[in-house]
Amino acid sequence: MSTMESLIGLVNRIQRACTVLGDYGGGTGDNAFNSLWEALPTVAVVGGQSSGKSSVLESIVARDFLPRGSGIVTRRPLVLQLHKTDDGTEEYAEFLHLPQRKFTNFAMVRKEIEDETDRITGKSKQISPVPIHLSIFSPKVVNLTLVDLPGLTKVAIEGQPETIVEDIETMVRTYVDKPNCIILAISPANQDIATSDAIKLAKDVDPTGERTFGVLTKLDLMDKGTNALEVLEGRSYRLQHPWVGIVNRSQADINKNVDMMLARRKEREYFDTSPDYGHLASKMGSEYLAKLLSKNLESVIRSRIPSILSLINKSIEELERELDRMGRPVAIDAGAQLYTILEMCRAFDKIFKEHLDGGRPGGDRIYGVFDNQLPAALKKLPFDRHLSLQSVKRIVSEADGYQPHLIAPEQGYRRLIEGALGYFRGPAEASVDAVHFVLKELVRKSISETEELKRFPSLQVELATAANSSLEKFREESKKSVIRLVDMESAYLTADFFRKLPIEMERPVVTNSKNQTASPSPATLDQYGDGHFRRIASNVSAYVNMVSDTLRNTIPKACVYCQVRQAKLALLNYFYGQISKREGKQLGLLLDEDPALMGRRLECAKRLELYKKARDEIDAVAWVR
């Protein structure tokens with residue numbers, strides 16, 4: 001096999017593999033990856049409708065196989081890969097979408113192109129960027145790859161969308177804009193070259209003409225006495241490559257199914273005997289065009305090998321990083337599955353503890369509960385209402401019963417204090433709930449930040465459920481503890497606090513100078529009046545404030561001990577106990593990856609395999625002389 005055959009054949013194989021993976025150029029495919037298809041040199045066939053584009057391709061192939069008709073016939077790009085075989089071998093065609101079927105009847109090839117087009121676009125006149133891949137194996141062709149694009153048009157006909165003109169040009173541009181694309185610009189000779197759609201587009205994307213090959217069709221249909229030498233000899237519009245003239249089969253020949261090999265001979269005879277083009281005959285015709293394109297394509301491929309290899313190597317590195325990030329496929333063995341689950345749990349637990357300990361944000365919100373929410377809640381307690389003059393009188397009186405207190409209303413004091421301390425239950429329980437909410441949020445956040453868990457939505461749900469169940473148990477235990485703290489304050493009052501208060505003076509006995517008992521002053525008559533009850537309220541308030549200061553310090557201790565400490569020590573203990581009892585099938589259910597992620601990994605793995613194989617094959621043929 002020659003170097004040319006090796007390089008072009010290699011590009012053909014890589015293009016087919018890329019198409020299977022959804023990378024088929026034209027600005028389509030998965031944008032998350034570099035397009036290898038677009039980096040591969042190819043020949044794009046561009047021309048207006050009725051420019052003779054299909055006839056040129058059939059002349060190159062020497063087979064009648066393309067759909068014909070009015071309007072837009074080519075509605076999907078046709079990637080035509082030609083493979084030269086030994087003389088005497090049978091000609092056949094293969095479609096990429098029908099890999100097991102060989103077509104030896106080229107009329108069936110035409111029908112399959114039409115049917116495959118309709119599968120994507122329907123029976124409408126819509127276009128699609130998804131290409132059809134057709135390989136033709138024949139001794140009559142040269143090794144060459146051509147992309148037949150929809151014909152450029154100026155107006156939309158009935159049944160076509162109003163944007164069809166722009167849509168076709170946009171699709172064509174996505175191919176010809178690429179620096180690795182060779183443009184085969186086809187124009188009819190019986191029209192002014194200045195109005196050629198193909199040349200206009202080629203000039204726009206390739207102003208120097210380095211990538212453009214001009215083809216002039218329908219030379220035999222020009223008015224008598226005129227010729228196309230101004231164009232063919234490059235005086236009318238100059239390109240870096242010579243213009244090539246083509247004489248296609250006439251419509252009568254097409255209707256009569258004139259053999260393509262006979263048409264080739266007629267074409268050679270036309271140029272050999274033409275008084276206008278005889279001196280150019282050796283560089284005219286479809287056979288010369290095919291050889292010229294094949295040679296140039298091989299040259300471009302060779303020159304682009306370093307950049308193609310660079311792209312492949314870069315893509316391989318990116319794909320390997322992506323696969324590392326997504327993780328390896330799940331093992332089938334139950335022991336390996338259990339090990340995988342426990343490793344992910346440890347990774348989650350590590351992140352959760354980092355949030356609590358300050359390595360990651362979030363744990364400080366627990367301190368905010370103790371430093372802001374709890375003090376604020378304590379200040380809002382309705383002690384002013386509870387210790388109002390009217391309330392104190394009522395409670396003290398109710399506590400005295402039928403026998404009013406003699407000196408200090410101890411039962412009244414106790415009832416007032418117990419009633420006040422009962423208000424502390426609300427802030428105590430609210431602190432527990434606030435810490436619980438923060439811990440639940442940190443569990444959710446830690447699960448989302450554990451990269452290893454992102455692959456397994458079922459395990460995420462199970463882990464979150466188990467962790468939240470444990471947090472719920474910790475919350476219940478914490479509530480019992482803080483309520484117990486409040487109840488302990490109510491159960492045993494600090495007597496020393498009251499012993500240190502100023503002792504209320506007993507009612508005094510007043511005598512005059514004659515040792516006669518005198519009436520007390522009005523000030524002494526207030527012992528059981530409003531001032532007396534105000535002093536009771538003040539004393540109770542001072543005691544409640546002392547308890548408030550105590551609970552402000554002890555409630556956080558209980559919350560941290562019962563909730564935060566337990567979350568750090570035993571958040572997943574229950575989960576560990578349950579998971580160790582599960583069978584392999586149950587473990588497998590936890591490791592059912594997100595289908596989108598599985599598809600992504602499979603796609604990455606296939607691309608990686610393709611790129612590595614392409615790199616090896618390019619290395620093997622690139623420097624063959």
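Quick note: residue numbers are just sequence positions, from 1. This structure is a prediction, so every number in the text was calculated from the model and none was measured.
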salt_bridge([X], [Y]) N-O dist < 4.0 Å:
{"X": "Glu317", "Y": "Lys314", "value": "no"}
{"X": "Arg607", "Y": "Glu318", "value": "no"}
{"X": "Arg365", "Y": "Glu441", "value": "no"}

Please name the pair of heavy atoms, one in [X] and one in [Y], separated by the smallest distance, quoted to 0.1 Å.
{"X": "Phe456", "Y": "Leu590", "answer": "CB-O, 3.8 Å"}
{"X": "Val435", "Y": "Cys559", "answer": "CG2-CB, 4.3 Å"}
{"X": "Val540", "Y": "Tyr413", "answer": "CG2-CD2, 3.6 Å"}
{"X": "Gln460", "Y": "Lys454", "answer": "NE2-CA, 3.5 Å"}
{"X": "Leu453", "Y": "Phe348", "answer": "CD1-CB, 4.1 Å"}
{"X": "Arg346", "Y": "Tyr576", "answer": "N-OH, 4.4 Å"}

Side chain proximity check, [X] to [Y], heavy atoms < 4.5 angstrom:
{"X": "Ile417", "Y": "Glu489", "answer": "no"}
{"X": "Arg360", "Y": "Leu442", "answer": "no"}
{"X": "His386", "Y": "Leu416", "answer": "yes"}
{"X": "Arg13", "Y": "Glu617", "answer": "yes"}

inquiry  = Could you go through Phe352 and Leu439, starting from their C-alpha distance and side-chain angles, then the distance that decides it, and tell me whether this counts as side-chain contact (heavy atoms from CB on, under 4.5 Å)?
reply    = CA-CA 9 Å; Phe352 179 71; Leu439 291 173; 4.1 Å; yes
CA sep, side-chain torsions, deciding dist, call: Leu40, Asn180, side-chain contact (heavy atoms from CB on, under 4.5 Å) = CA-CA 7 Å; Leu40 300 172; Asn180 288 339; over 6 Å; no
message = For residues 536-573, which residue pairs pass the ring-ring contact (aromatic ring centres under 6.0 Å, His included) check, not counting sequence neighbours?
response =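 Residue pairs with at least one partner in residues 536-573: Phe497-Tyr543, Phe498-Tyr543.
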With no hydrogens and no angle check, is any side-chain donor or acceptor of [X] less than 3.5 Å from a backbone partner on [Y]?
{"X": "Arg76", "Y": "Val130", "answer": "yes"}
{"X": "Ser469", "Y": "Thr465", "answer": "no"}
{"X": "Ser391", "Y": "Ser388", "answer": "no"}
{"X": "His97", "Y": "Ile132", "answer": "no"}

message = Within a 6.0 Å radius of atom CD on Glu609, are there more than 12 heavy atoms belonging to other residues, nucleotides or ligands?
response =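 At most 12 heavy atoms, drawn from other residues, nucleotides or ligands, come within 6.0 Å of this atom.
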query = Would one find more than 12 heavy atoms of other residues, nucleotides or ligands at under 6.0 Å from atom CG of Asp384?
reply =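 No.
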ask   = Yes or no on side-chain contact (heavy atoms from CB on, under 4.5 Å) for Ser470 and Asn573, after CA distance, side-chain angles and deciding distance?
value = CA-CA 8 Å; Ser470 295; Asn573 280 7; over 6 Å; no
message = Using the rule given for side-chain contact (heavy atoms from CB on, under 4.5 Å), can you reason through Glu477 versus Lys473, listing the C-alpha separation, both sets of side-chain angles and the distance that settles it, and then say yes or no?
response = CA-CA 6 Å; Glu477 189 59 37; Lys473 292 177 183 177; over 6 Å; no
ask   = Which pairs, with at least one residue in residues 545-558 and sequence neighbours excluded, count as a side-chain hydrogen bond (donor to acceptor under 3.5 Å, both in side chains)?
value =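 Listed by first then second residue: nothing to list.
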